[in-house]
Amino acid sequence: MIKGNSTHCTSLLRLIIFTIKIIYIFMFIISIFSCREEKESSERILTNLSYKIDTVVVDPSGEIINLKWGLQTSAIQDSKGHLFILDKDEGVLDKIDLDELVLVEKISYEKEGPNGIGDVTSWIRLLEDDKILFGSPEFIILFDLEGKIIRRYTEKMEEFIGDDIRDLESVRGKPVITDEETVYKLSQDFEDMSKKFIKLDYKKKTSKIYDMPGLDELPSYTILYITSQSFHIASSREEINQYGNKIIFSSDAFSDLYVLDIEKDSLYRVFYTPRLTEASKKGGYPKEVGSISEFRELYTKIDEEVSFMAPIWDEDNNLYYRFSYEMFEYESQSEDEPRTYFKVYLTIFDDEFNVLEESLLKELKNPPASPFVKNGNIWTYANVNDELGFAIFKIDLNSKVKNRNK
């Protein structure tokens with residue numbers, strides 16, 4: 001009897017142990033999938049920034065502010081809170097007080113003659129001490145804010161010693177000029193269409209092309225359609241901007257940045273991977289196409305891929321903001337051309353370009369126009385019934401952003 005009970009108990013015990021093992025194995029498998037799901041879920045967490053948007057309008061003081069080009073030819077004077085807008089039709093510089101939201105002055109410039117700004121000014125940029133640059137791909141001229149010329153940057157490139165830049169004369173976008181003598185600019189090699197980041201020291205007459213590791217592998221592009229009667233070009237938009245001791249190179253075609261430390265004269269690359277969009281356009285585009293329809297079709301396709309705007313600096317909070325966007329097409333009810341809408345995103349970085357926040361801005365249906373930062377808020381251009389206005393983003397920076405340096 002005792003032996004029979006022992007055998008029965010042994011079998012029962014083995015059954016219980018086997019069952020427990022099965023349960024543990026089952027629980028282990030569940031835990032693996034649970035952890036995997038939790039990890040994937042955590043990676044998919046999207047930040048929804050809390051913010052509000054206010055719209056303000058500038059008092060034109062009985063004058064007319066020409067909004068034909070929006071803020072395409074404008075510059076901010078951060079130290080004094082002024083915005084300058086060039087009316088290219090009249091050769092007049094409108095001075096806006098952003099604190100009082102009023103037009104305070106119209107400064108007239110000659111279009112011809114020894115102090116002339118010409119008819120093809122494509123950009124302006126403010127320097128300290130009330131000096132302003134007028135420029136285009138063909139010229140750069142430094143003026144004061146009374147309409148008088150200070151100097152022209154017209155020296156011949158063969159006079160510069162250092163890296164050979166004689167075939168890189170075409171200036172792309174706004175250059176950065178420090179101490180009136182040092183010019184940083186983007187140029188293009190017309191043989192291979194590659195972009196170059198250049199430094200010209202007009203005092204020492206030296207030239208330097210910065211090595212930008214990996215740039216050739218990124219999907220910047222230039223597409224040409226050329227006939228005997230016409231010339232069409234579509235190109236990625238690269239630009240450089242100075243904030244303090246840094247000059248930041250950015251492109252609309254990819255998220256990577258190149259940052260130049262002016263004091264050290266050293267350049268480094270910033271990598272980050274957006275969570276809400278692709279990190280770049282697809283690339284692999286042809287350099288030339290055979291018809292205007294093919295040119296337009298390809299350019300539209302590229303536009304529909306993700307685009308990145310240049311970072312802007314928030315001095316009050318020691319943050320960088322960067323907008324990006326995607327374009328989508330949908331057929332309208334009419335027979336007109338397809339209409340478009342956008343998804344707009346905002347990424348927030350600390351002062352070393354570590355990503356702190358990333359969010360879809362659901363209220364925005366178009367990319368922000370000419371954004372800049374004032375008093376810790378993002379300002380973007382808005383045409384309000386043909387009057388100069390601004391949409392002001394007041395972002396509620398959460399504790400992770402506020403306490404990042406603690």
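Computation of the quantities below employed the complete heavy-atom set of this structure, encompassing side-chain atoms and omitting hydrogens, waters and symmetry-equivalent molecules.
Here the two rings, on F393 and Y321, have centers that are 6.0 Å apart or farther.
Contact annotation: the side chain of V344 approaches that of P368 to within less than 4.5 Å [non-hydrogen atoms, C-beta and beyond]. Residues I348 and L397 are in side-chain contact: their nearest non-hydrogen atoms beyond the backbone lie under 4.5 Å apart. When side chains are defined from C-beta on, L133 counts as touching Y153, because their heavy atoms get closer than 4.5 Å. In this structure the side chain of L83 reaches within 4.5 angstrom of the side chain of L71, judged on heavy atoms. At least one side-chain heavy atom of F328 sits under 4.5 Å from a side-chain heavy atom of K343. Contact check for F197 versus L186: side-chain heavy atoms found under the 4.5 Å cut-off. Counting heavy atoms from C-beta on, the side chains of D94 and L388 never come closer than 4.5 Å. Residues E329 and E304 have side chains in contact (heavy-atom distance under 4.5 Å, counting atoms from C-beta outward).
Remark: K131 engages E180 in a salt bridge (Lys or Arg N to Asp or Glu O under 4.0 Å) (not counting sequence neighbours). Taking the salt bridge (Lys or Arg N to Asp or Glu O under 4.0 Å) definition, one finds that K80 meets it with D130, sequence neighbours left out. K301 meets the salt bridge (Lys or Arg N to Asp or Glu O under 4.0 Å) test with no other residue; sequence neighbours excluded. Evaluation of the side chain to side chain contact (heavy atoms under 4.5 Å, CB included) rule for E105 yields K95, I107 as partners, not counting sequence neighbours. Checked against ring-ring contact (aromatic ring centres under 6.0 Å, His included), Y51 has no partners two or more places apart in sequence or in another chain. Scanning for salt bridge (Lys or Arg N to Asp or Glu O under 4.0 Å) contacts around E181 gives R151, with sequence neighbours left out. When the ring-ring contact (aromatic ring centres under 6.0 Å, His included) test is applied to Y299, no partner is found at least two apart in sequence or on another chain.
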Using distance only, find each side-chain donor-acceptor pair of residues 242-265 under 3.5 Å and give its atom names and separation, not counting sequence neighbours.
from	atom 1	to	atom 2	distance (Å)
Q242	NE2	G244	O	3.0
Y243	OH	P311	O	3.3
N245	OD1	E263	N	3.3
N245	ND2	D261	OD1	3.0
K246	NZ	D351	O	2.9
S251	OG	E238	OE2	2.8
S251	OG	A253	N	3.0
D252	OD1	R237	N	2.8
D252	OD2	R237	NH2	3.0
S255	OG	Y272	O	3.3
S255	OG	A279	O	3.2
D256	OD2	R269	NE	3.0
D256	OD2	R269	NH2	2.8
Y258	OH	P213	O	2.5
Y258	OH	L215	N	3.2
D261	OD1	E263	N	3.1
D261	OD1	K264	N	3.0
D265	OD1	Y210	OH	2.4
D265	OD2	K208	NZ	2.9

Using residues 374-384 as the side-chain source, report each donor-acceptor pair under 3.5 Å to any protein atom, sequence neighbours left out, with the distance given to one decimal.
from	atom 1	to	atom 2	distance (Å)
K374	NZ	D99	OD1	2.6
N383	OD1	D386	N	2.7

Acceptor/donor pairs from residues 143-150 side chains to any protein atom, 3.5 angstrom cut, sequence neighbours excluded:
from	atom 1	to	atom 2	distance (Å)
D144	OD1	E146	N	2.8
D144	OD1	G147	N	3.1
D144	OD1	K148	N	2.9

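In this structure, OH on Y221 lies 7.0 Å from OG on S235, to the nearest 0.5 angstrom. With rounding to the nearest 0.5 Å, the separation of OG in S230 from CD1 in I292 is 6.5 Å. Residue I395 holds its CD1 atom at 7.5 Å from CG of L361, rounded to the nearest 0.5 Å.
Sequence neighbours left out, not one pair with a member in residues 62-107 passes ring-ring contact (aromatic ring centres under 6.0 Å, His included). Sorted by first and then second residue, the pairs that involve residues 54-68 and meet side-chain hydrogen bond (donor to acceptor under 3.5 Å, both in side chains), not counting sequence neighbours, are D54-K394, N66-D87, N66-D89.
For the pair K106 (side chain) and I64 (backbone), a donor-acceptor distance under 3.5 Å is present. Using modelled atom types, no side-chain atom of T347 and backbone atom of E358 make a donor-acceptor pair closer than 3.5 Å.
The aromatic rings of F342 and Y325 lie perpendicular to each other, with more than 60° between the two planes, well past the 30° mark.
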Test side-chain hydrogen bond (donor to acceptor under 3.5 Å, both in side chains) on K195 and T222 and set out the steps.
-> CA-CA 10 Å; K195 282 84 173 181; T222 300; 3.3 Å; yes

Go through K281 and S307 one step at a time and tell me if the side-chain hydrogen bond (donor to acceptor under 3.5 Å, both in side chains) criterion holds.
-> CA-CA 7 Å; K281 294 183 180 294; S307 296; 3.0 Å; yes

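E297 CD: 12 or fewer foreign heavy atoms inside a 6.0 Å radius.
Heavy-atom minimum distance, L49 versus S359: N-OG, 3.3 Å. Contact record, V92 with S108: CG2-OG, 4.2 Å, taken as the closest heavy-atom pair.
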